[in-house]
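In this chain, numbering begins with 1 at the start of the sequence shown.
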Amino acid sequence: MKDADVQRMFRQLDLILNLIQETRREMNLLKQGGDHNADDPLIPNRQLAEILDLRPKSLQYYRKKKILEAVIIQRRVFFRRSVVQKFLAEHFNQKDKLCNLNIWKTR
């Protein structure tokens, strides 16, 4: 094996190690996230859009306007269940069918 190949492998390993460390830091921040705990699962962006019958762009707009708080991990967007429930309670009236759906059943 040539020295250039070995150096390239070490650079790639360094990149992988940095990615792992960054992910660990983000996960630790999530665990320390205040009043949120394991009973408050994260819902992926696409899944929430599907549940609410919205486009992902609509959720992006709500995030941009700070109407709906999101958690971003490795460039992937998630929403806490409690934040979504609060959003629904505040932004949908009682006559709306969306409020009456029991979409948060746990298995």
Side-chain angles (χ1 to χ4, degrees):
M1 214 181 246
K2 295 180 182 178
D3 286 340
D5 292 337
V6 172
Q7 289 177 352
R8 186 177 49 203
M9 281 184 4
F10 277 121
R11 281 194 302 270
Q12 290 174 341
L13 287 172
D14 283 341
L15 290 173
I16 293 169
L17 180 61
N18 288 337
L19 184 61
I20 290 170
Q21 290 172 339
E22 182 180 330
T23 303
R24 283 184 179 165
R25 278 193 300 273
E26 289 174 353
M27 294 305 291
N28 285 335
L29 287 174
L30 281 176
K31 288 177 185 176
Q32 299 168 359
D35 59 346
H36 304 294
N37 57 28
D39 295 335
D40 195 10
L42 296 175
I43 305 167
N45 187 59
R46 285 185 188 265
Q47 183 180 354
L48 183 61
E50 206 173 284
I51 289 170
L52 298 179
D53 195 25
L54 296 171
R55 292 179 176 216
K57 280 284 189 186
S58 297
L59 293 176
Q60 182 181 7
Y61 172 80
Y62 294 147
R63 286 193 338 262
K64 180 180 175 185
K65 295 294 182 180
K66 300 196 188 306
I67 296 170
L68 191 55
E69 179 186 346
V71 177
I72 299 174
I73 303 172
Q74 294 296 314
R75 294 182 273 171
R76 294 190 62 212
V77 179
F78 299 90
F79 298 91
R80 292 195 186 274
R81 182 171 68 181
S82 62
V83 172
V84 174
Q85 288 173 327
K86 182 179 174 187
F87 167 78
L88 291 175
E90 290 175 358
H91 293 90
F92 289 91
N93 61 31
Q94 295 299 325
K95 294 178 183 177
D96 197 325
K97 290 181 182 179
L98 195 54
C99 287
N100 297 325
L101 289 177
N102 190 3
I103 58 178
W104 307 116
K105 286 184 181 177
T106 55
R107 294 180 184 186

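Hydrophobic clustering (ILVMFWY, side-chain heavy atoms < 4.5 Å, transitive): L19 and I73 are in distinct clusters.
Aromatic rings of Y62 and F87 (six-membered ring for Trp) have centroids within the 6.0 Å cut-off, being under it.
Judged by distance alone, the side chain of S58 and the main-chain N or O of L54 form no donor-acceptor pair under 3.5 Å.
With rounding to the nearest 0.5 Å, the separation of NZ in K2 from CZ in R8 is 10.0 Å. Taken from CZ in F78 to CD1 in I72, the straight-line distance is 10.5 Å, to the nearest 0.5 Å. Note that CZ of R46 and CZ of R55 are 12.5 Å apart. Values are rounded to the nearest 0.5 Å. How far NZ of K57 is from CD of Q60: 4.5 Å, rounded to the nearest 0.5 Å. Here I51 contributes atom CD1 and Q47 contributes atom CD; the two are 4.5 Å apart, rounded to the nearest 0.5 Å. Between the CG atom in L48 and the CZ atom in F79 there is a gap of 6.0 Å [rounded to 0.5 Å].
The minimum heavy-atom distance linking I43 with R81 is given by the pair CD1-CA, 4.0 Å. Between A49 and P56, the shortest heavy-atom distance links the atoms CB-N, 4.0 Å. When all heavy atoms of L42 and P44 are compared, the closest pair comes out as O-CD, 3.9 Å. Across R63 and A70, no two heavy atoms sit closer than the pair CD-CB, 3.1 Å.
Proximity of N45 to R76: side-chain heavy atoms (C-beta onward) are nowhere separated by under 4.5 Å. Counting heavy atoms from C-beta outward, L59 and V77 have side chains that stay 4.5 Å or more apart.
Residue-environment remark: CD (E50) stays at or below the threshold of 12 foreign heavy atoms within 6.0 Å.
Ion pairing between D14 and R11 fails under the 4.0 Å rule for side-chain N and carboxylate O.
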